[in-house]
Protein chains: 2
Amino acid sequence: MDPRRLDQTFAALADPTRRAILARLIDGEATVMELAEPFAMSQPSISKHLKVLEGAGLISRGRDAQRRPCRLEAKPLAEANEWLERYRAIWEGNFLRLDALLDELQRVTPPSKSAPGKKR
Amino acid sequence: MDPRRLDQTFAALADPTRRAILARLIDGEATVMELAEPFAMSQPSISKHLKVLEGAGLISRGRDAQRRPCRLEAKPLAEANEWLERYRAIWEGNFLRLDALLDELQRVTPPSKSAPGKKR
DNA sequence: AGGCTATATAGCTATATGGCTATATATGGG
DNA sequence: CCCATATATAGCCATATAGCTATATAGCCT
């Protein structure tokens, strides 16, 4: 509901490294080292990405000795999905395009000044 | 499929102004002026947002005299949705947590050095 | 205690983003 | 042809982001 939450969620998802980290976490918890391993990137950079993900509520972290295992928190993804759902009808093409409908009506009732035609 | 596409899509969605513009476009085409009207923001700023949306393939633009009506293009949203779908099982809670399962197994077969326990 | 491992923080740089104002471009209409 | 309207571009500023290296912190282990 909070728009800031969506901002953070989408911003966090707008980076391939972070999406890859989330994908990795589908298989379960992982430490920072494990998450960093596939990337040609310094450990601090990964920590920074994790901070962004944590800030967006997309991961949470436990404590296992000196390790800070990361776990996926999918709730913000559910909210993002909920936002996207409003557009499903459109991308599925089941959507009765309002302007197409208007074009149709204009073909029956020719356009006037107060109802200018739309270009297609 | 192209990760850059997802980058652009999510980045475009990470701004409340742009999400509001997309929401407005559900109801059909709108001109830049119409889109700008609800916001306490200059017209050039709106144009910039529209450029971002266009760059992400989220809108396309026609020509109606000196107007450049914007129309929603939902395909990138479908791709974003597709990406999110991989996580649906998790946020719906139907997911058999792999690490929870491992904890369970460890309770049966006590932990050894090679298989350290996970903290919860 | 001291060292090793895992992670975080600090501080730097380069680039990107989002806003503004001022100005340029495009197009229909009188 | 000129004007008004709609939109885009340029140029500026402030802040954010993504990367780096170097260093600090935390916690096990001997």
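Lettering follows sequence order; numbering is per chain, from 1.
- As rounded to whole Å, 15 Å separates atom P of C:dT17 from atom CG of A:D7.
- Ring-plane geometry between B:F10 and A:F10 is classed as parallel, the angle between the planes falling under 30 degrees on a 0 to 90 degree scale with a further cut at 60.
- Phosphate proximity of C:dC20 to B:S45: present, with a side-chain N or O under 4.0 Å from OP1 or OP2.
- Residues that satisfy the side chain to side chain contact (heavy atoms under 4.5 Å, CB included) test with B:E37, not counting sequence neighbours, are absent from this structure.
- The side chain to side chain contact (heavy atoms under 4.5 Å, CB included) search around B:M41 returns B:T17, B:F39, B:S45, B:I46, B:H49, not counting sequence neighbours.
- Proximity of B:S42 to the phosphate of C:dG19: no side-chain N or O atom is located under 4.0 Å from OP1 or OP2.
- For A:D64 and A:R67, the salt-bridge test passes: some basic side-chain N is under 4.0 Å from an acidic carboxylate O.
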Kindly give the atom pairs (protein nitrogen or oxygen, nucleotide nitrogen or oxygen) under 3.5 Å for nucleotides 11-18 of chain D.
{"unit_1": "D:dA18", "atom_1": "OP1", "unit_2": "A:R18", "atom_2": "NH2", "d": "2.9"}
{"unit_1": "D:dA18", "atom_1": "OP2", "unit_2": "A:R18", "atom_2": "NH1", "d": "3.1"}

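- Shown here are the side chain to side chain contact (heavy atoms under 4.5 Å, CB included) partners of B:P38, two or more places apart in sequence or in another chain: there are none.
- For A:E85, the side chain to side chain contact (heavy atoms under 4.5 Å, CB included) partners at least two apart in sequence or on another chain are A:N81, A:R88, B:N81, B:R88.
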Give every pair of a protein N or O atom and an N or O atom of nucleotides 4-8 of chain C that lie under 3.5 Å apart, one pair per line with the distance.
{"unit_1": "C:dT7", "atom_1": "OP1", "unit_2": "A:V32", "atom_2": "N", "d": "3.2"}
{"unit_1": "C:dT7", "atom_1": "OP1", "unit_2": "A:R68", "atom_2": "N", "d": "3.3"}
{"unit_1": "C:dT7", "atom_1": "OP2", "unit_2": "A:M33", "atom_2": "N", "d": "2.7"}
{"unit_1": "C:dA8", "atom_1": "OP1", "unit_2": "A:R61", "atom_2": "NH1", "d": "2.7"}
{"unit_1": "C:dA8", "atom_1": "OP1", "unit_2": "A:R61", "atom_2": "NH2", "d": "3.4"}
{"unit_1": "C:dA8", "atom_1": "OP2", "unit_2": "A:S47", "atom_2": "OG", "d": "2.9"}
{"unit_1": "C:dA8", "atom_1": "N7", "unit_2": "A:Q43", "atom_2": "NE2", "d": "2.9"}
{"unit_1": "C:dA8", "atom_1": "N6", "unit_2": "A:Q43", "atom_2": "OE1", "d": "3.3"}

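- The side-chain heavy atoms of A:L58 and A:E73, taken from C-beta on, include no pair separated by under 4.5 Å.
- Between atom CG of residue B:L50 and atom CG of residue B:L35 there is a gap of 6.0 Å, rounded to the nearest 0.5 Å.
- In this structure, B:D64 places its CG atom 15 Å from C1' of C:dG29, rounding to the nearest Å.
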